[in-house]
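Down below is the structure, laid out as structure tokens.
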Amino acid sequence: MSKQEIWEIVKKMTLEEKAALCSGRDFWHLEGFERLGVPSVMVSDGPHGLRKQDDKADHLGVNDSIKAVCFPAGCATACSFDEELPERLGRTLGRECRAENVSVLLGPAINMKRSPLCGRNFEYYSEDPFLAGKTAAAFVRGVQSWQVGVSVKHFAANNQEFRRMSGSSNMDERTLREIYLAAFETAVKEARPWTLMCSYNRINGVFASENRKLLTDILREEWGFDGYVMSDWGAVNVRTDALRAGLELEMPGPCPENDAELVQAVRSGDLDEAVLDQAAERILDVVFRYCGAQVPQAVFDREADHKIAVELEKECAVLLKNDGLLPLSRGAKLAYLGGFAARPRYQGGGSSHINASRVSSALSCAPDGVIYEEGFPADRDVIDEAAFARAVQAAKEADAAVIFAGLPDSFESEGYDRQHMRLPDCQNELIRRVLAVQKRVVVVLHCGSPVETPWADEASSVLCVYLGGEGVGEATDALLYGDANPCGRLAETWPMKLEDNPSYLNFPGCEEGVNYAEGVFIGYRYYDKKKMPVRWPFGHGESYTGFAYSNVRLSAGTLADGGEVTVLVDVTNTGARAGKEAVQLYVADRTGTPGRPEKELKGYVKLALEPGETKTAQFTVNARSLSWYSEALGDWYAAPGQYELLVAHSSRDVRGSVSLAFSTEKRLPLRVHRNTTIGALLADPRTAPILKAAMSRGKPLFGGEEQESAAAEAITEEMSRQMMVNAPLRAAQLFLGMSRGEIEALITELQRAVDG
Ligand code: BGC
């Protein structure tokens, strides 16, 4: 339907009808108007399966929904480091939505993993906005290829569950832009999602649902978003303020009081009716994108989609450690221990909870002859000495033990955060006792977020299947025995212990809010800067084969603002098995700009390689890849100078690098006054030559007198230079013997040079 036709409908709507359209008809439907030919369409959770509910609706995953397919959760999907995978997941979900007549899927959920404790980390992608943004964009392209909308959520800075409906996420503009908005920016600009869902929380004191800066200035005006924004379920505070700020749809409905508030606000002149018209038009536009689409007949084939769930999980699981015990031989005498072998935890709790059509366990797939002892249950933290003894005995008698561990449902869910980062004590204790009698131990972890692994050095192999969806059993089996070669890479750092995490001193904050005091230094940006040991770094993942990097090269050694260069690297499979390598590109600022991370992910590509085969990974780098967000400039900025482009197997395993010289006409704003530092003026190419000339005319603080040697003279000069760098311009009076008048004249000259 054309814009004009939609506006024709809006014109025919009464004030009351327009207000009613801007809130849900019920928990999952938008309002429809038969007389105007506007159907009532359905939305459903999301993100890793279809949670379509009928009459008993809820947003906590309590009541049943239709039988569907549970795919790997976001924590796993992002580990694919492969845009093709989330896109395929999206295409599958888009088809399911079409078949079930769902117009918008409520996902992807793409908030940053600031603390490992956030209860919803299992739904989210990463601690890195580049990875989260690209993964999200691919997912959105996939779903929307079926002309079904998505709702990218939760916009924005919803990084904890503690006081999620009232707390304020407080941070500076640079942190907001570089870390907490960047993934949304990528998703919006690259994939044009039909809708976004605002978060519950406040940002710097202002509710996300009433945040004009976020919902209108940035989202629409800067990024060009052209769909509608819906509220998270119950996130509206004051309805009129929310509409004015740019929140079109309030969910869930019905909301008769808030609808009446809008009508009243228009009648009293408090709200311009044009704002309501605009919101109605945006909602109708998306409704008709869905209803008017010409798409092939869609079928929800649960059997076929279960197979897709298995295939996806094989590409997402991360082999954290392997001293050669894996892959196992199907003929070996093996003991499977731990309740997760029979009852894997494959999804998280809350609104994303899927009524899975069938779930496979590693035990149900295991080869004949495998001995199973539960040892500890999957859902509680209890030590049963008799069960422990049987498990330890089975481990002792076997060639190797595979312990299926993980976080019970109650440890990790939407609605609350984790209290600590440990596995249940019973699990650590059984692993410890088994390791005392059996050196060949594989630990398989089922969790939505990192856990402390005090036994990591002793275990032979550790495979993290995250929350791998309903096909996790088949996928785990294939990975353990080498029918599939692990190729997932960590989308988040696994710290040694919780206290190492950069948010530790400011998580979860207090009643009013939480200060993101670590700024842009989240995840590996922090651990790398601090040169801290971590258990497993961002980007890490082992394989049953090896990869060699060679011949790193650049299409050009210089980059001018507005252009782009290509980085290329050859990667060879050096082992005997086919495998996939996620080649990563990081950028390191070598211009001397303070406050920048050691390196930041700016590209990744997954290569499938047969034994002996070589392929070339290729990345595009532009000014934005080098940039940080300058609040003073109100824009992204990269200083002119040198950057290093690192090709890497993980954030801590750099395999090669090339240097790039960047040039730009963009300059940071600079106001020259008596207290501008000499250092700042020397760092700026516009002012440096003028100041240097003035300084060479002045009488230096030290020197002049006879020095013992040339070396002593050099030291004195260097000390003088360093002191001067930190001094304000007015100190030139003292350091250089300049008069007050000369300094005033110099300020004028410098400012003129800045202003051009
Ligand atoms: C969650 C959303 C979800 C909505 C509907 C809310 O509690 O935060 O992610 O889409 O419920 O179930």
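Counting convention: from 1, in listed order, for ligands and their atoms alike.
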Atoms of ligand 1, numbered as shown, that sit under 4.0 Å from any heavy atom of S351: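 Result: 1 (C), 2 (C), 3 (C), 9 (O), 11 (O), 12 (O).
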Under 4.0 Å to a heavy atom of Y200 - the qualifying atoms of ligand 1, by number: 6 (C), 7 (O), 8 (O)
R302/E100 ion pair, N-O < 4.0 Å: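 Answer for the salt bridge query: yes.
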Salt-bridge criterion met for R239 and E250 (N-O under 4.0 Å):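 A salt bridge links R239 with E250.
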Residue that, paired with I522, satisfies side-chain contact (heavy atoms from CB on, under 4.5 Å) out of D128, N501, T493, I179: I179
Sole candidate of L284, I283, D277, D285 that passes side-chain contact (heavy atoms from CB on, under 4.5 Å) when paired with E281: D285
Contact partition for H353 relative to ligand 1, non-hydrogen atoms under 4.0 Å: neither
Per-residue contact class, R164 against ligand 1 - non-hydrogen pairs under 4.0 Å: side chain
Before signing off on this row, confirm whether [X] and ligand 1 have an N or O atom pair separated by under 3.5 Å.
X: R51; result: yes
X: D232; result: yes
X: K153; result: yes

Please verify whether a non-hydrogen atom of [X] lies at under 4.0 Å from ligand 1.
X: F27; result: no
X: M197; result: yes
X: E414; result: yes

Donor + acceptor pair across side chains of R120, H154 (<3.5 Å):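 Looking only at side-chain atoms, H154 and R120 do form a donor-acceptor pair, the distance falling under 3.5 Å.
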Donor on one side chain, acceptor on other, N121 and K113, under 3.5 Å: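 The answer is no; no qualifying pair exists.
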Closest protein heavy atom (residue, atom, distance) for atom 11 (O) of ligand 1: H59 CB, 3.4 Å
Protein heavy atom at shortest distance from atom 5 (C) of ligand 1: D45 OD2, 3.3 Å
Neighbour count >12 (heavy atoms, 6.0 Å) for atom NZ, K307: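 Incorrect, the count does not exceed 12.
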Near-ring test F340/H446, centroid separation under 6.0 angstrom: yes
